[in-house]
Amino acid sequence: MREIFAGMPWWVKWIAVPVIALVVFGGLIASVVGFVFTLLFKLLLFVALVGGLVYVVRKFISSSSSSRTDW
């Protein structure tokens, strides 16, 4: 691979080849990045909802157990 790019100007290696790669694989890269961000968002949402549920249940249990001692 180095022999292929040895006689080429610097702008072919550092500008033209990456631009061609983005044009050819741009849709694939965008869909993979979108999938990863969607997955991370859903994971964070799941963790927040489970954490909120645990918080509410603990508050409910602690308030109901303190009212039992009043009997």
The residue among Arg2, Glu3, Met8 that forms side chain to side chain contact (heavy atoms under 4.5 Å, CB included) with Phe5 is Met8
Identify whether Trp11 and Ile4 are in the same connected component of the hydrophobic contact network (ILVMFWY, side-chain heavy atoms under 4.5 Å). yes
Please tabulate, for side-chain N and O atoms in residues 13-20, each donor-acceptor pair with protein atoms closer than 3.5 Å (sequence neighbours left out).
none

Apart from Phe60 itself, members of its ILVMFWY cluster (side-chain separation under 4.5 Å) are none
Report all side-chain donor-acceptor pairs from residues 27-47 shorter than 3.5 Å, counting only partners two or more places apart or in another chain.
residue : atom : partner : partner atom : Å
Ser31   : OG   : Gly27   : O            : 3.3
Ser31   : OG   : Leu28   : O            : 2.8
Thr38   : OG1  : Gly34   : O            : 2.8

| query | Are Val57 and Val50 connected in a single hydrophobic cluster, I mean Ile/Leu/Val/Met/Phe/Trp/Tyr linked by side-chain heavy atoms less than 4.5 Å apart? | reply | no
